Number of protein chains: 2
Amino acid sequence: MEYDLIKRLSQYKKILVKLKTMGFVKVFSDNLSDALGISASLVRKDFAACNLTGKRRGGYQVNELIEKLNILLGKNSEQRVIVVGCGKLGSALMNYRGFDTEQIKIVAGFDTNPQRQNPDGAIPVFPVDQLEAYIREQRIQVAILAVPEEASLQTMERLESYGIRGILNFAQVPMRSSENCNVENVNLALEVEKLFYFVNAQQTRLRIKEQA
Amino acid sequence: MEYDLIKRLSQYKKILVKLKTMGFVKVFSDNLSDALGISASLVRKDFAACNLTGKRRGGYQVNELIEKLNILLGKNSEQRVIVVGCGKLGSALMNYRGFDTEQIKIVAGFDTNPQRQNPDGAIPVFPVDQLEAYIREQRIQVAILAVPEEASLQTMERLESYGIRGILNFAQVPMRSSENCNVENVNLALEVEKLFYFVNAQQTRLRIKEQA
DNA sequence: TAGATTGTTAATCGATTAACAATC
DNA sequence: TAGATTGTTAATCGATTAACAATC
């Protein structure tokens, strides 16, 4: 999975920004490995894979790393995203504060329900039949999908055909990525299930210990 | 990561339930491997690891699998969860439809803001100072954390000290699991970042191709 | 019996870490 | 120069797959 690398790149960047505010000019692979709980080898390997070079004795330049990581992560252009499906979850995501710090900007929402539409809002919400025009005119590449389960497959296919290249999918049914369109599935129920599995497993283990 | 196994167990279960409604009585490892896009060996290995046995010629009993998977995933008792932080995201999660089908029940919310409190709602929202009493009295083990970044660390520590064993964390700062408490971090900004990385990477690749 | 599928062992693969020569 | 840190190669580890003997 190349996914882990991207995740780490993003983590490196966050730490580097913090270090910069603390006055750091250079960092060593050891510093970053400590902060992330991974080996220094992996840090160096990641950097090498991304053509981020350091000096054999002087470590890596913080400024240079941040700048290059921003380019790699596409942070130098604004990251415009639309939200399709503006029910409770969708509209919560439209106002999610966690996006602000990451140059991610929700530019519009779309919903079939006229009561949720509001073309004049701070973040406008349009009817779904304007999706295609909007995506093509504004050259939108990434969408967050928060429609009810029934509509998810059909909506996903429409988004792909309109030229969307990346989808963050909150529908209960996980979707697979296609050649043109990368899909990240966020399955909240599954995450909660994992937690209960661990809680149960832990208690079972304790019970076995007590018996022994 | 044992995480992948749990994820697959949950996926197996979902498929098996569907197959059951279609009248299936038994399944072969081949059927499940096709549905999940993994090898049949892995299916058999997963089942062996969970003491789910089949017959050398007759495959696995669908009913038996579902039942045992439900026990493993803790689905036979109701999975009660509280939501801490009932802003837009938190209250959207309280009403998230995707939990219903998985026996996950949001039993209460907690918020410091009196305007959001509503002890008599369908899902009551209490002041945060009632957290400890509620968790201990109701023996709550799992919490969803959707508080603003400033409050996340402190709230997490409180939850742990009150006996919470699993936390689904929506705060921007990822938290590490401790011995007693398992933390799953949902970092929405990171997910969106991944998508842009792929979109960019794909376009870069195309550009390079064109130049060649 | 012959055929099919499990359960399990060995092989493969990819990701991470350890080690160390190159070099600042 | 001596010492420290990178960049890279070899070793390790874990997860997945392939293969096949056991057996229904």
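The shown structure was predicted, so the numbers you read here are calculated from the model rather than taken from an experiment. Letters go in sequence order (proteins before strands), and every chain restarts at 1. Below, each value reflects all heavy atoms present in this structure, side chains not excepted, and no hydrogens, waters or symmetry copies.
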hbond_proxy A/Arg56 side chain to D/dT5 base (donor-acceptor, 3.5 Å cutoff):
no
Do any side-chain nitrogens or oxygens of B/Ser39 fall under 4.0 Å of OP1 or OP2 in D/dT17?
yes
How close or far is atom C1' of C/dG3 from atom NZ of B/Lys55, stated in whole angstroms?
18 Å
Please state whether the rings of B/Tyr134 and B/Phe110 are parallel, tilted or perpendicular, taking 30° and 60° as the class boundaries.
perpendicular
What's B/Gly58 touching, base or sugar-phosphate or nothing? Going by heavy atoms closer than 4.0 Å.
nothing
How close or far is atom P of C/dT1 from atom CZ of B/Arg57, stated in whole angstroms?
15 Å
Starting at CG of A/Asp4 and ending at P of C/dT16, how long is that distance when rounded to a whole Å?
5 Å
Determine whether a donor-acceptor pair (one donor, one acceptor, N or O, separation below 3.5 Å) exists between the side chain of B/Lys45 and the base of D/dT17.
yes
Short side-chain N/O contact from A/Ser29 to OP1 or OP2 of D/dT6, under 4.0 Å:
yes
Would you mind reading off the distance between B/Leu42 atom CG and D/dG14 atom C1', rounded to a whole angstrom?
13 Å
Atom-to-atom span, CZ of B/Arg44 to P of D/dA15 - whole angstrom
19 Å
First of A/Ala40 and B/Ala48 reached from the 5' end of DNA chain C, by closest nucleotide:
B/Ala48
Looking at B/Glu132 and B/Arg158, is any side-chain nitrogen of the basic one under 4.0 Å from a carboxylate oxygen of the acidic one?
no
Just name whichever nucleotide pairs with C/dA19, Watson-Crick or G-U, keeping both distances under 3.5 Å, else none.
D/dT8
Does the structure show a Watson-Crick or G-U wobble partner for D/dC24, both distances under 3.5 Å? Name it, or say none.
C/dG3
Please indicate whether B/Lys14 has more than 12 foreign heavy atoms, meaning atoms of other residues, nucleotides or ligands, lying under 6.0 Å from its NZ.
yes
Could you state the CG-C1' distance from B/Asp30 to C/dG7, rounded to the nearest angstrom?
15 Å
Just how far, in rounded Å, is P of D/dG7 from CG of A/Leu32?
13 Å
Between A/Phe28 and B/Ser41, name the one whose nearest nucleotide on DNA chain D is closer to the 5' end.
A/Phe28
Whole-Å gap separating P (C/dT6) and CD (B/Glu64):
13 Å
Between C/dG7, D/dT5, C/dA19, spot the one nearest the side chain of B/Tyr60, thanks.
C/dG7
Touch class at under 4.0 angstrom, heavy-atom based, for B/Phe47 against every strand present
nothing
Answer yes when B/Glu150 and A/Arg97 have at least one side-chain N-carboxylate O distance shorter than 4.0 Å, and no when they do not.
yes
In terms of relative ring orientation, are A/Tyr12 and A/Phe47 parallel, tilted or perpendicular, with 30° and 60° separating the classes?
perpendicular
